[in-house]
Amino acid sequence: DSGSVVPYPSLVAQSESTQRNTSKSGSASTAAMGTSSSSSSSASALIISACDKAGMEGIDRTRVDEIIMRESAGSVYMKQQQKRDQNVNVKIDELKQKLAAKDYSMASINSNATSWRRAGEHALEPIIDELVQSRPRRSTCVVVDMDGFYISCELLSRPPELGNLPCCVGGNMITTSNYVARRYGVRAAMPGWIGDKLVEELSNGKERLIHIPSNFDLYTRKAHIIRGALAEYDPNLRAYSLDEAYLDIGPYVDLRVGRGWSHERVVATLASTSKHSCEDKEHVDEEVGNEEEFIHCNVDISAIAAVVKEMREKVKVATGGLTCSAGLASNFMLAKIASDQNKPNGQKVVGPSHKEVLEFVHPLSVRKVPGIGRVMEKMLNAFDIHIVHDLYKERALVQFLFKPASARFLLRASLGWSNDSLDPSAPEDDEVGSSSSASGQKGISKERTFSAGKSWEELNSKLEDVCRSLSQSMVEKNIKAHTITLKVKLHTFDVITRAKTMPRGIVLQNADQMIVEMTEMLLNVKRQHKGTFSVRLLGVRCSNFQGDEERSQDSGQMDISKFISTCSPIRASHNSLVHSTGTTKMTSRIEKKVDFAQKGAQTDAQVKNTDISSFFSKEKGWNKVEEFETAQVLDSGTNSTHALHSVDPGNVSSVPASR
DNA sequence: GCGGATCAC
DNA sequence: AATGGTGATCCGC
């Protein structure tokens with residue numbers, strides 16, 4: 001009887017952290033055979049675009065939601081969203097049953113139904129200790145995020161009065177809105193006509209949303225200028241997108257504040273140490289002297305914040321008036337969250353101590369964590385986990401419920417220490433052995449949406465266009481691929497993908513070749529599909545690049561430098577492994593870069609590779625916890641770092657694999 | 001390796 | 001009446 005399972009309310013309009021225990025009016029499943037204990041499906045957070053963006057605090061969300069729902073009601077798109085929402089509800093119910101089974105079985109063994117959580121928390125202790133202990137000790141990670149980038153670019157060259165009116169970039173689909181428009185609930189990814197309705201109704205007909213067509217060349221030009229300004233502070237910065245950059249200003253701060261150098265002198269020095277001109281290493285060594293000395297010098301955090309403020313001002317000047325916001329913290333997850341905190345044109349500092357980190361991150365809604373989207377939020381909410389502190393409190397439950405990767409990620413998030421895939425110090429995978437593929441890019445794709453219901457001939461014509469466009473990009477980037485994927489979106493918004501990996505020795509780049517493959521595949525999809533084959537989008541993606549495997553193949557000989565360039569975990573744990581073995585030029589260069597920049601201690605690789613959740617899984621059984629702990633002790637006896645620091649064997653051995 | 005899902009900008 | 005494009009990762013087969 002799943003009715004005995006706690007009737008978690010569906011999360012409707014869960015605004016922010018403070019709102020707890022949303023006891024929804026009990027409309028929840030009266031019928032409900034076993035499932036759907038968690039569905040009321042009409043207005044789920046999955047469907048409504050939550051007003052959790054910067055500049056949208058304190059707006060009349062009820063009316064905004066009402067208008068959006070009214071405008072979308074009955075549309076095919078909305079039906080699709082509801083279907084997705086239902087699928088998530090099913091997933092939630094499955095998880096609840098899994099939990100109920102666990103509680104039941106543990107109760108029969110143990111008499112105390114919730115004691116397995118305590119044991120789980122106990123098992124997590126060493127892992128958490130390791131995480132907390134390995135965290136970076138300085139707040140020098142900066143995320144810079146431009147304020148309403150596209151629309152700000154557009155408004156720059158227009159009469160200033162326009163800035164006081166609700167504006168957006170994009171016609172049918174809004175890509176950015178200014179802060180005036182955001183107060184009406186108009187936001188990115190919203191269809192244009194809904195934006196129009198929102199402004200019209202909520203301003204009582206006094207205002208109209210102004211649409212400005214997008215001009216990507218303009219944004220790209222501005223983005224280059226911005227990067228140029230920021231690069232003075234960290235030549236190795238990562239431009240995550242046109243309007244976002246991740247940088248570590250540790251080295252800059254050390255020289256500028258710690259040593260009192262002039263800005264110009266620091267810039268020149270940093271530029272010569274950047275990865276693009278590492279040949280001057282010795283010269284720089286001379287100038288900088290012993291790194292150890294200054295790298296540990298304590299620079300006051302307010303001085304670091306002042307540097308960030310100065311940096312933002314330089315961006316504003318360089319771009320002719322574009323403002324940005326920044327977050328300053330000890331890792332990039334926190335910095336990213338912080339960058340949103342005082343938007344627009346503001347910044348937020350999070351101190352490096354564990355206490356400060358937790359005080360910052362624990363009160364936040366889990367949705368603030370980059371990587372937790374609508375679906376994950378809904379699932380967590382279903383278990384009464386709303387803010388990051390709940391995530392920590394329920395860490396044992398979380399480990400039990402979710403798959404290894406998710407569980408690890410969530411645990412780290414609950415500790416305010418996660419930076420997966422955002423870290424500029426992460427290996428870039430470029431230059432080293434790749435003759436062809438540009439950066440660490442894994443795939444390249446083109447897709448186009450059009451009005452559904454095209455004839456078969458028209459469809460094939462569209463497909464050819466997409467293939468040719470993709471081919472052209474691949475030629476420009478000198479990319480050749482082994483795998484090609486067709487994507488078809490039906491008028492129902494259902495998506496179908498079909499992939500094919502070419503026989504050995506055959507690579508894809510040529511348009512005609514791609515057209516041959518894709519047209520055949522499209523025909524197969526059409527034949528397989530029951531019902532009307534009405535298509536609204538066609539896409540083609542190429543992946544599995546040639547060149548990626550060559551780099552890996554010859555690393556079988558264990559050349560440490562190759563090793564580092566292809567395998568992130570080793571480089572991440574450089575202080576244990578590389579120091580003892582590596583002496584090649586390449587190694588010392590990377591060491592130099594990582595150490596010099598002090599990219600936040602050991603990074604996450606070690607913990608990333610421990611499978612915590614397997615010890616919570618049904619298969620292994622809870623009794624294994626004890627074994628787990630003994631294993632840890634044994635491990636730390638032979639090699640103190642093994643349990644948490646070991647490189648995932650899969651990561652190494654899989655290198656020369658298949659192709 | 002394949003296909004579906006999720007997430008971010 | 002009407003809801004994008006690009007790239008990545010994870011999971012279960």
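Chain naming here is simple, since letters A, B, ... match the order of the sequence lines and numbering starts at 1 in each.
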**Student:** Can you tell me the distance, in whole Å, between the CG atom of A:Asp465 and the P atom of C:dG5?
**Tutor:**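 Taking atom P of C:dG5 as the reference, CG of A:Asp465 is at 14 Å.
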**Student:** The side chain of A:Thr483 is closest to which nucleotide in this list: C:dG7, B:dC2, C:dG12?
**Tutor:** B:dC2
**Student:** Can you tell me if A:Arg541 touches the phosphate of C:dG5, counting only side-chain N or O atoms and a distance under 4.0 Å to OP1 or OP2?
**Tutor:**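 It does not, given that no N or O in the side chain of A:Arg541 lies less than 4.0 Å from OP1 or OP2 of C:dG5.
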**Student:** What is the distance, to the nearest angstrom, from the NZ atom on A:Lys83 to the P atom on B:dA5?
**Tutor:** 9 Å
**Student:** Between atom CD in A:Gln81 and atom P in B:dA5, what is the gap in whole Å?
**Tutor:** 12 Å
**Student:** Please list, chain by chain and in numerical order, all residues satisfying side chain to side chain contact (heavy atoms under 4.5 Å, CB included) with A:Val475, sequence neighbours excluded.
**Tutor:**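 A:Ser471, A:Gln509.
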**Student:** Counting side-chain heavy atoms from C-beta on, which of B:dT6, B:dC9, C:dG4 comes nearest to A:Lys489?
**Tutor:** C:dG4
**Student:** For the side chain of A:Val375, starting at C-beta, report the closest nucleotide among C:dG4, C:dC10, B:dT6.
**Tutor:** B:dT6
**Student:** Using the P atoms only, state how far B:dA8 lies from C:dT3, rounded to an integer number of Å.
**Tutor:** 23 Å
**Student:** Indicate whether OP1 or OP2 belonging to B:dC9 is found under 4.0 Å from a side-chain N or O atom of A:Thr175.
**Tutor:**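 Looking at the OP1 and OP2 atoms of B:dC9, neither is under 4.0 Å from any side-chain N or O of A:Thr175.
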**Student:** Is there a side chain to side chain donor-acceptor pair (under 3.5 Å) between A:Glu200 and A:Tyr184? Walk through the geometry before answering.
**Tutor:** CA-CA 9 Å; A:Glu200 191 187 324; A:Tyr184 292 114; over 6 Å; no
**Student:** Measure CZ/A:Arg374 against P/B:dA8 and give the value in whole Å, please.
**Tutor:**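 One finds 9 Å between P of B:dA8 and CZ of A:Arg374, rounded.
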**Student:** Considering the options A:Lys489, A:Lys530, A:Lys83, which one meets the salt bridge (charged side-chain N to carboxylate O under 4.0 Å, His left out) requirement together with A:Asp494?
**Tutor:** A:Lys83
**Student:** Report the nucleotide, chosen from B:dG1, B:dC9, C:dG4, that has the shortest atom-to-atom distance to any side-chain atom of A:Tyr240.
**Tutor:** B:dC9
**Student:** Looking for any heavy atom pair under 4.0 Å, which part of the strands does A:Ser72 touch: base, sugar-phosphate only, or nothing?
**Tutor:**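 Touches a base.
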**Student:** Of all the choices, B:dC7, B:dG1, C:dT3, which nucleotide is nearest to the side chain of A:Asn544 once you look at every atom?
**Tutor:** B:dG1
**Student:** Quick check on B:dT6: is either OP1 or OP2 less than 4.0 Å from any side-chain nitrogen or oxygen of A:Lys378?
**Tutor:** no
**Student:** Look at all strands and tell whether A:Ser75 reaches a base, only sugar-phosphate, or nothing, counting heavy atoms closer than 4.0 Å.
**Tutor:**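 Touches a base.
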**Student:** Just to be sure I understand the rule, does A:Ala188 reach a base, reach only the sugar-phosphate, or reach nothing, if contact means heavy atoms closer than 4.0 Å?
**Tutor:**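 Result for A:Ala188 = nothing.
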**Student:** Within the 4.0 Å heavy-atom criterion, would you say A:Lys91 contacts the bases, only the backbone, or no part of the nucleic acid?
**Tutor:** sugar-phosphate
**Student:** Rounded to whole Å, please give me the gap between CD in A:Glu244 and P in C:dA8.
**Tutor:** 16 Å
**Student:** Both A:Ile444 and A:Tyr77 contact DNA chain C. Taking the nearest nucleotide for each, which residue is further toward the 5' end?
**Tutor:** A:Tyr77
**Student:** Quick one: label A:Asn172 by what it contacts on the DNA or RNA (base, sugar-phosphate, nothing), any heavy atom closer than 4.0 Å.
**Tutor:**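 Touches nothing.
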**Student:** So what does A:Glu71 hit on the nucleic acid, given a heavy-atom distance under 4.0 Å: a base, only sugar-phosphate, or nothing?
**Tutor:**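 The residue A:Glu71 makes no contact with any strand.
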**Student:** Ignoring backbone atoms, establish whether A:Lys442 has a side-chain N or O less than 4.0 Å from OP1 or OP2 of C:dT9.
**Tutor:** yes
**Student:** Out of B:dC7, B:dG3, C:dT3, which nucleotide sits closest to the side chain of A:Met376?
**Tutor:** B:dC7
**Student:** Does B:dA8 have OP1 or OP2 under 4.0 Å away from a side-chain N or O of A:Arg367?
**Tutor:** yes
**Student:** Write down the distance between CG (A:Asp494) and C1' (B:dG3), rounded to a whole number of angstrom.
**Tutor:**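 Rounding to the nearest Å, CG of A:Asp494 and C1' of B:dG3 are 14 Å apart.
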**Student:** Which residue, A:Arg541, A:Glu520, A:Met521, forms the side chain to side chain contact (heavy atoms under 4.5 Å, CB included) with A:Leu486?
**Tutor:**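 Testing each of A:Arg541, A:Glu520, A:Met521 against A:Leu486, the sole residue satisfying side chain to side chain contact (heavy atoms under 4.5 Å, CB included) is A:Met521.
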**Student:** Step through it carefully: locate the ring centre of A:Tyr150, locate the ring centre of A:Phe216, and say whether they are under 6.0 Å apart.
**Tutor:**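 Yes.
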**Student:** Taking only the side-chain nitrogens and oxygens of A:Lys487, find out if one of them lies under 4.0 Å from OP1 or OP2 of C:dT6.
**Tutor:** no
**Student:** What is the distance, rounded to the nearest whole Å, between atom NE2 of A:His211 and atom P of C:dA2?
**Tutor:** 18 Å
**Student:** Is there a donor-acceptor pair under 3.5 Å between the side chain of A:Ser406 and the backbone N or O of A:Phe402?
**Tutor:** no
**Student:** In whole angstrom, give the distance that lies between atom NZ of A:Lys446 and atom C1' of C:dG7.
**Tutor:**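 Going from NZ in A:Lys446 over to C1' in C:dG7 covers 12 Å.
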**Student:** Under 4.0 Å from OP1 or OP2 of C:dA2: is there any side-chain N or O of A:Arg536 that close?
**Tutor:** no
**Student:** For a quick test of reading the model: is some side-chain N or O of A:Gln441 closer than 4.0 Å to OP1 or OP2 of C:dG7?
**Tutor:** yes
**Student:** Does a side-chain N-to-carboxylate-O contact under 4.0 Å join A:Lys343 and A:Asp147?
**Tutor:** yes
**Student:** Nearest nucleotide by nearest heavy atom, which residue falls closer to the 5' end of DNA chain B, A:Asp145 or A:Asn87?
**Tutor:**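 Mapping each residue to its closest nucleotide by heavy atoms, the 5'-most match is A:Asn87.
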**Student:** Of all the nucleotides listed (B:dG4, C:dG5, C:dC11), which has the minimum atom distance to the side chain of A:Thr449?
**Tutor:**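 Per side-chain heavy atoms of A:Thr449, the pick is C:dG5.
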**Student:** Does OP1 or OP2 of B:dG4 have a side-chain N or O of A:Thr497 closer than 4.0 Å?
**Tutor:** yes
